[in-house]
Number of protein chains: 2
Amino acid sequence: MLQSTERKREILATSQQLFKDHGYASTSVRDIAKALNIEAASLYSHIESKEDILKITCFELAEKFESAIKEVNDIYFNAEEKLRMAIKFHVEILTHNLNAAVVFIREWRHLSDESKKEFIEKRNAYEEGIREIIQTGIDEGTFNEIDKRFAALTVLSSVNWIVEWYKEGGRLSPEEVANNLSDFILTGLKASNPTQLF
Amino acid sequence: MLQSTERKREILATSQQLFKDHGYASTSVRDIAKALNIEAASLYSHIESKEDILKITCFELAEKFESAIKEVNDIYFNAEEKLRMAIKFHVEILTHNLNAAVVFIREWRHLSDESKKEFIEKRNAYEEGIREIIQTGIDEGTFNEIDKRFAALTVLSSVNWIVEWYKEGGRLSPEEVANNLSDFILTGLKASNPTQLF
DNA sequence: ATATTTGCCTAACGATCGTTAGTTATGTTG
DNA sequence: CAACATAACTAACGATCGTTAGGCAAATAT
């Protein structure tokens with residue numbers, strides 16, 4: 001007897017805010033209800049379970065990432081363009097769904113075994129998409145020969161970390177954040193080094 | 001009436017393992033006791049509270065990081081050497097205290113307000129140490145002019161992420177991990193670019 | 001006007017939570 | 001041997017957990 005999707009979106013949004021601030025395990029169903037000014041039991045007209053909220057949150061975001069990486073890898077570009085575009089999309093998804101993104105990044109471990117397995121598969125597929133971009137760059141000769149697995153993880157960790165400090169309406173727009181990240185990841189900290197010229 | 005430090009170390013180590021695997025909030029005092037084959041109440045001969053375990057774990061690691069960054073910044077080196085050394089120490093601390101490190105990185109949010117405040121201060125001081133190294137590089141002219149705050153956070157995020165995949169006795173030694181990370185952070189993905197030569 | 005659906009309510013369930021009080025074997029030390 | 005310290009125990013506390021059953025007023029559909 002689940003009801004209007006509109007009310008469900010409110011419940012999801014409120015829950016994501018609370019899960020972000022206090023963690024999934026430390027947020028009770030009663031906390032969520034209180035934030036919505038209703039009773040805990042009333043939530044169950046809209047959701048199946050507490051884990052239902054987590055599951056929907058994690059998988060909705062996973063789908064967005066999935067579409068984004070497909071879009072990038074289906075179009076023909078060189079590796080640098082692809083990576084810049086992937087980072088741009090990734091940052092956009094994170095910043096436009098900040099609360100959900102934090103839950104996606106931090107709280108997926110609390111999914112049931114079954115859902116967790118599926119989630120990890122989707123995450124692996126996404127990582128594989130990033131690795132393909134890096135491989136493209138190596139094949140082109142435009143990227144350094146580097147451990148792909150290591151590089152993909154390092155790229156993703158620095159991109160994901162923005163949820164820890166990004167503030168809506170802050171100093172940097174999502175686009176600027178994405179550009180800064182891309183520059184950092186592509187060229188590193190060091191100023192161009194004249195000793196590499198021979 | 002707190003007892004032998006030896007037994008307390010066992011309790012800490014066991015708790016850290018469980019906190020790493022299931023999270024602080026989802027690990028009950030009874031879970032910890034069960035893993036040690038004792039009753040939950042027996043733990044209280046050794047610890048003050050559940051949060052006590054978290055507090056000790058977070059602050060012991062914070063101290064290690066504090067000493068490391070002091071050691072790096074007190075010795076005179078150029079920025080690249082300093083950064084490489086800081087990353088090497090950081091990776092060593094993480095890999096030699098893997099369970100505690102995961103708790104330090106993921107679970108500090110569950111500290112009491114008072115402890116959390118102190119923890120954040122210590123973390124900020126550490127980040128400031130990293131920013132100083134970056135500033136040194138900019139002053140030297142060996143690092144690109146870059147947003148220091150942004151750079152420090154990005155460096156730390158990629159270094160901290162290793163706890164998600166590092167396995168003791170795995171393919172890469174801590175030293176190799178540190179070197180790979182330093183190379184990545186210093187020179188980026190892109191092969192040295194001839195269009196930058198004028 | 002009547003029937004149905006919606007969105008909430010109260011009340012309660014059994015389980016589990018962190019923690020305390022008080023006790024008891026098992027050494028260890030004088 | 002007597003006194004003490006150690007490291008565990010049993011039992012229980014009040015609080016809170018996710019969830020279910022059943023009801024009720026207001027809105028909507030027929």
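Every chain is numbered from 1 and lettered A, B, ... according to where its sequence line falls, protein lines coming before strand lines. These values consider heavy atoms only, across backbone and side chains, with no hydrogens, waters or symmetry-generated copies.
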Look at [X] and [N] and indicate whether a side-chain polar atom (N or O) is within less than 4.0 Å of OP1 or OP2.
X: Ser45(B); N: dA7(D); answer: no
X: His46(A); N: dT6(C); answer: no
X: Ser28(A); N: dT16(D); answer: no

Rounded distance (Å) that lies between atom [atom2] of [N] and atom [atom1] of [X]:
X: Ile47(A); N: dC8(C); atom1: CD1; atom2: C1'; value: 14 Å
X: Lys50(B); N: dA15(D); atom1: NZ; atom2: P; value: 19 Å
X: Leu43(A); N: dC8(C); atom1: CG; atom2: P; value: 9 Å
X: Ile11(A); N: dG7(C); atom1: CD1; atom2: P; value: 10 Å
X: Tyr44(A); N: dG22(D); atom1: OH; atom2: C1'; value: 17 Å
X: Glu39(B); N: dG18(C); atom1: CD; atom2: P; value: 14 Å
X: Ile38(A); N: dC9(C); atom1: CD1; atom2: C1'; value: 10 Å
X: Lys34(B); N: dG18(C); atom1: NZ; atom2: P; value: 14 Å

Worksheet item: Could Lys50(A) and Tyr24(A) be counted as a cation-pi pair, given that NZ or CZ must be under 6.0 Å from the ring centre and within 45° of the axis?
Response: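 Yes, Lys50(A) sits over the ring of Tyr24(A).
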
Fill in: Distance under 6.0 Å and angle within 45° of ring axis: Arg149(B) vs Trp165(A)
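No, Arg149(B) does not sit over the ring of Trp165(A).
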
Worksheet item: Relative to the 5' end of DNA chain D, which residue comes earlier, Ala25(A) or Arg30(B), by the nucleotide with the nearest heavy atom?
Response: Arg30(B)

Discussion item. From C-beta outward on Ala41(A), which listed nucleotide comes closest to its side chain: dA8(D), dT20(D), dT19(C)?
Written reply: dT20(D)

Practice prompt. Select one nucleotide: of dT19(D), dT10(C), dT19(C), the one nearest the side-chain heavy atoms of Val29(A).
Written response: dT19(D)

Discussion item. What I want to find out is whether Arg9(A) reaches Glu60(A) closely enough, with some N-O distance under 4.0 Å, to be called a salt bridge.
Written reply: yes

Discussion item. Under a 4.0 Å threshold between the charged nitrogen and the carboxylate oxygen, would Arg7(A) count as salt-bridged to Glu10(A)?
Written reply: yes

Worksheet entry | Spacing of Glu107(A) atom CD and Thr27(A) atom OG1 [to the nearest 0.5 Å] | 8.0 Å

Discussion item. Does Arg7(A) contact dG7(C) through a side-chain donor or acceptor facing the base, at a distance under 3.5 Å?
Written reply: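 No, no donor-acceptor pair under 3.5 Å.
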
Item to complete: Quick one: label Ser26(A) by what it contacts on the DNA or RNA (base, sugar-phosphate, nothing), any heavy atom closer than 4.0 Å.
Response: nothing

